Amino acid sequence: MRRMRRGWQRLLATRTYPTPVKTEVKGTEIMHDPLWNKGMAFDWPERDRLNLRGLIPPRVKSEKEQVERVLRLVRSEETDIRKNLILQDLHDRNETLFHKIVLEHIGEIAPLIYTPTVGIVCQMFGVNYRRPRGMYFSRHDRGLFGTMLHNWPSDDVKVIVVTDGSRILGLGDLGAHGMGIPVGKLALYCAAGGIAPHHVLPVVLDVGTNNPDLLASEDYIGTPEKRLSGDEYYEFVDEFMQAVEARWPKCVVQFEDFETPRAVPLLAKYRDDYRCFNDDIQGTGCVTLAGLLSAARNAGTSITDIKVLCAGAGSAGLGVCAQIVDGMVEAGMSREDAMARFVVCTSQGALGKPDGSHGDPNATRGLSDDRKPWVNPLVSDGASMLEAITAFRPTCLLGLAAQPGGLFTEEMIKAMTTYAPAPIIMPMSNPTSKAECTPEQAYAWSEGTAVVATGSPFAPVTIHGKTHTPSQCNNMYVFPGIGLAAAVAPSLIPRVTDKMLYRAAVACADAMTAEERAEGRTFPDLKRIRDVSKAVACAVIEEGFRTASAHDRLQSIIPQDPAGLEAYVEFQMWKPVYHPLVDPTPRHFD
Ligand SMILES: NC(=O)C1=CN([C@@H]2O[C@H](COP(=O)(O)OP(=O)(O)OC[C@H]3O[C@@H](n4cnc5c(N)ncnc54)[C@H](O)[C@@H]3O)[C@@H](O)[C@H]2O)C=CC1
Ligand SMILES: CC(=O)C(=O)O
Ligand SMILES: [Mg+2]
């Protein structure tokens with residue numbers, strides 16, 4: 001075993017990229033396959049070996065020249081959606097170059113392929129539809145899901161991101177046009193998480209839409225019928241999960257942007273039986289916990305000192321609160337005391353003690369089971385957020401309410417500065433139009449004292465001559481690493497557990513450098529996203545080792561020592577580089 005561990009590290013140390021790859025695919029077939037295509041970067045020996053001479057313009061371009069050309073093209077467009085379409089076209093032509101550009105220019109490109117632009121992409125999905133990517137399952141395919149999965153060309157899908165399009169970012173029901181979300185998430189899986197493009201599959205469960213505009217639109221690409229409900233809906237998702245497990249038993253399924261009334265029961269139903277997780281509930285909880293661990297560390301305090309007011313009691317809001325509670329419990333607090341450090345607000349105000357001053361004087365409003373534990377007697381039921389701030393004195397505001405117009409007001413943030421030296425303000429709703437406030441507002445209203453992290457990216461802000469860089473608190477910092485762990489260590493990660501998510505959050509916070517902390521950031525620079533994904537994956541695998549049976553631990557070829565494990569994960573991560581393509585046909589010289 002020890003010899004094997006040293007082997008991984010040695011292999012990594014001596015591995016020089018890119019290694020040659022044998023291919024029998026040639027000519028126009030290879031040019032038109034985005035997994036193999038190199039555009040004008042095929043060199044002359046390759047053009048001869050692969051029957052490409054004359055099929056490509058005579059100039060040979062380097063990868064660097066190709067990257068610069070695409071960037072010039074993207075930058076010449078005025079609107080983000082046009083920039084996105086150029087990138088989508090590249091994605092469809094040349095996966096390696098696309099992911100190389102995403103990775104090398106992630107600060108510039110992520111907002112164009114992910115939030116916020118992905119919101120417009122979904123809204124205009126039907127009008128701009130060009131080429132299919134991923135798979136669609138509709139009510140007309142019932143009974144055939146298992147067979148249909150064999151239409152997908154890869155025998156080894158490791159990560160699926162699936163949506164039913166019912167809550168796309170904070171934009172509501174976009175039906176089958178929600179496909180933009182799994183596509184965007186999986187682009188990050190490849191570029192930021194090191195999963196090879198042929199191992200990922202974006203999926204839409206086209207269960208219909210209740211969006212009247214889409215139902216009436218000629219451009220709608222999904223089934224123009226109302227959403228399935230009740231048993232029919234759950235049986236539909238069951239068929240999908242069973243079919244996936246039968247076709248790719250080691251695949252991890254990431255649920256994405258399902259509306260809260262479906263997201264919560266689906267996670268409860270599948271989390272113990274399948275390798276799956278819900279990104280909006282668990283990924284967002286994990287990343288927000290990481291942000292608060294960082295903020296507390298930067299302030300020289302503990303996470304147990306933080307008091308949270310969360311605007312939003314949907315799957316994201318309650319998922320986040322639950323995971324922060326787990327973090328406080330890990331830090332030594334009782335669960336009861338930890339939960340008392342939260343006030344949760346809905347569209348009807350705070351979940352609090354029914355004292356008759358707000359709403360129904362006789363009783364607590366009819367709360368769903370998932371909301372009941374969050375009732376905090378320190379505030380009145382239905383209190384406004386400002387009233388709740390005055391009564392409860394939170395040190396952290398979380399925004400997961402998906403409302404337009406900015407829910408966090410000057411009065412609220414100013415009120416917090418009267419008792420909190422560095423209030424933590426996290427307007428996390430996406431896309432940008434749904435952010436609870438802008439960083440500029442948060443810094444201005446707090447006289448520059450706030451620690452700010454947003455769901456969508458925002459530019460730095462200069463206040464009184466000092467520049468503040470808001471962090472991005474987005475599940476993109478953790479889901480690629482969680483999926484990577486499941487992909488490279490399937491036998492150790494049969495299920496995604498709460499403890500794994502806690503370890504992932506700690507790893508994300510620990511990934512911060514001293515310089516990043518000194519800048520007041522709560523998340524690492526996006527440029528280091530691969531390092532963060534690797535650290536998250538290692539933490540999840542380490543937890544997998546802790547809970548694996550002695551048999552599975554012994555059988556595993558994965559090193560258990562931290563350095564060996566890191567080398568192993570790094571070795572398994574796909575890199576967006578061109579490999580020399582070699583013709584495997586035997587040559588006869590006699
Ligand atoms: N930054 C990130 O990584 C992530 C951000 N999100 C964002 O979180 C948002 C919410 O997602 P879900 O929980 O699925 O939505 P949801 O629609 O289920 O929940 C929204 C909640 O906001 C509450 N709300 C509405 N108006 C309010 C008001 N005026 N004051 C206080 N609360 C109010 C509603 O009562 C509801 O509980 C979305 O915009 C989504 O993009 C979600 C996942 C990850
Ligand atoms: C980031 C994300 O997953 C969302 O806004 O839904
Ligand atoms: Mg989401």
Side-chain angles (χ1 to χ4, degrees), residues 12 15-19 21 34-43 60-77 80 82-118 121 183-200 456-457 459-460 469 471-472 474 476-481 483-484 511 513 515-516 521 523-537 569-580:
L12 186 69
R15 183 162 171 173
T16 49
Y17 284 94
T19 46
V21 174
L35 293 174
W36 294 100
N37 185 28
K38 298 182 181 183
M40 286 169 66
F42 283 111
D43 62 20
V60 176
K61 293 214 171 187
S62 67
E63 285 179 63
K64 188 164 174 281
E65 285 173 317
Q66 287 187 309
V67 169
E68 283 165 1
R69 173 176 172 271
V70 174
L71 287 177
R72 272 198 307 278
L73 211 57
V74 168
R75 288 169 187 164
S76 71
E77 290 292 345
D80 288 347
R82 293 285 318 158
K83 292 172 196 274
N84 171 279
L85 289 174
I86 286 174
L87 291 163
Q88 273 193 49
D89 283 346
L90 176 65
H91 198 180
D92 289 339
R93 281 197 315 274
N94 183 336
E95 294 254 7
T96 315
L97 185 60
F98 170 80
H99 289 108
K100 186 177 172 65
I101 291 173
V102 175
L103 183 58
E104 289 180 358
H105 298 270
I106 192 145
E108 178 178 355
I109 303 295
L112 300 173
I113 58 162
Y114 188 58
T115 187
T117 310
V118 71
V121 170
V183 168
K185 293 266 174 189
L186 286 166
L188 292 180
Y189 258 108
C190 299
I195 307 280
H198 62 283
H199 289 318
V200 305
S456 293
T469 307
S471 291
Q472 191 177 352
N474 190 294
M476 71 197 284
Y477 275 105
V478 292
F479 69 73
L484 175 64
T513 62
E515 293 76 40
E516 287 162 348
R521 289 173 184 268
F523 286 93
D525 191 330
L526 211 48
K527 285 189 193 129
R528 297 195 307 105
I529 185 99
R530 272 214 165 207
D531 292 342
V532 180
S533 300
K534 189 169 58 181
V536 166
V569 173
E570 169 70 34
F571 186 80
Q572 298 291 332
M573 287 171 85
W574 174 78
K575 279 93 186 162
V577 291
Y578 291 138
H579 291 257

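The structure displayed is predicted, hence computed values, not measured ones.
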How about Tyr189 and Phe479: are their ring centroids closer than 6.0 Å?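 When the ring centroids of Tyr189 and Phe479 are compared, they turn out to be within the sub-6.0 Å range.
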Ring centres under 6.0 angstrom apart (Trp574, His199):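 When the ring centroids of Trp574 and His199 are compared, they turn out to be at least 6.0 Å apart.
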Rounded to the nearest 0.5 Å, how far does [atom2] of [Y] lie from [atom1] of [X]?
| X | Y | atom1 | atom2 | result |
| --- | --- | --- | --- | --- |
| Asn37 | Leu97 | CG | CG | 9.0 Å |
| Lys575 | Cys190 | NZ | SG | 13.5 Å |
| Phe523 | Glu516 | CZ | CD | 11.5 Å |
| Ile109 | Leu103 | CD1 | CG | 11.5 Å |
| Lys100 | Leu90 | NZ | CG | 12.5 Å |
| Leu71 | Gln66 | CG | CD | 12.0 Å |

Take Val121 and Gln88 through the test side chain to side chain contact (heavy atoms under 4.5 Å, CB included) and record every step on the way to the result. CA-CA 10 Å; Val121 170; Gln88 273 193 49; 3.8 Å; yes
If we ignore hydrogens and angles and just use 3.5 Å, is the side chain of [X] paired with the main-chain N or O of [Y] as donor and acceptor?
| X | Y | result |
| --- | --- | --- |
| His579 | Thr19 | yes |
| Asn84 | Leu112 | yes |
| Arg528 | Ala511 | yes |
| Ser533 | Ile529 | yes |
| Tyr114 | Ala187 | no |
| Lys185 | Met476 | no |
| Thr469 | Pro460 | no |
| Lys83 | Glu77 | yes |
| Arg521 | Gln472 | no |

Pairs where residues 106-118 contributes a residue and the test salt bridge (charged side-chain N to carboxylate O under 4.0 Å, His left out) is met, not counting sequence neighbours: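 Those involving residues 106-118 are Arg75-Glu108.
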Is a donor from one side chain sitting under 3.5 angstrom from an acceptor on the other, for Tyr578 and Asn94?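 Side chains of Tyr578 and Asn94: pair found under 3.5 Å.
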Shortest non-hydrogen separation from [X] to [Y] and the atoms involved:
| X | Y | value |
| --- | --- | --- |
| Val532 | Pro524 | CG2-CG, 3.7 Å |
| Ala191 | Arg530 | O-NE, 2.9 Å |
| Pro116 | Pro457 | CD-CD, 3.8 Å |
| Ser456 | Thr115 | OG-OG1, 2.8 Å |
| Asp43 | Val60 | CA-CG1, 4.2 Å |
| Leu484 | Ala537 | CD2-CB, 3.7 Å |

Can you name the side chain to side chain contact (heavy atoms under 4.5 Å, CB included) partners of Lys527, sequence neighbours left out?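 With sequence neighbours excluded, Lys527 shows a side chain to side chain contact (heavy atoms under 4.5 Å, CB included) to Asp525, given in chain and number order.
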With sequence neighbours excluded, residues passing side chain to side chain contact (heavy atoms under 4.5 Å, CB included) with Leu35: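 Side chain to side chain contact (heavy atoms under 4.5 Å, CB included) list for Leu35, sorted by chain: Asp33, Glu95, Pro197, His198.
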Go through the steps for Glu65 and Met40 under the test side chain to side chain contact (heavy atoms under 4.5 Å, CB included), then give the verdict. CA-CA 10 Å; Glu65 285 173 317; Met40 286 169 66; over 6 Å; no
Should Asp92 and Pro34 count as side-chain neighbours, where that means a heavy-atom distance under 4.5 Å?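 No; the side chains remain at least 4.5 Å from each other.
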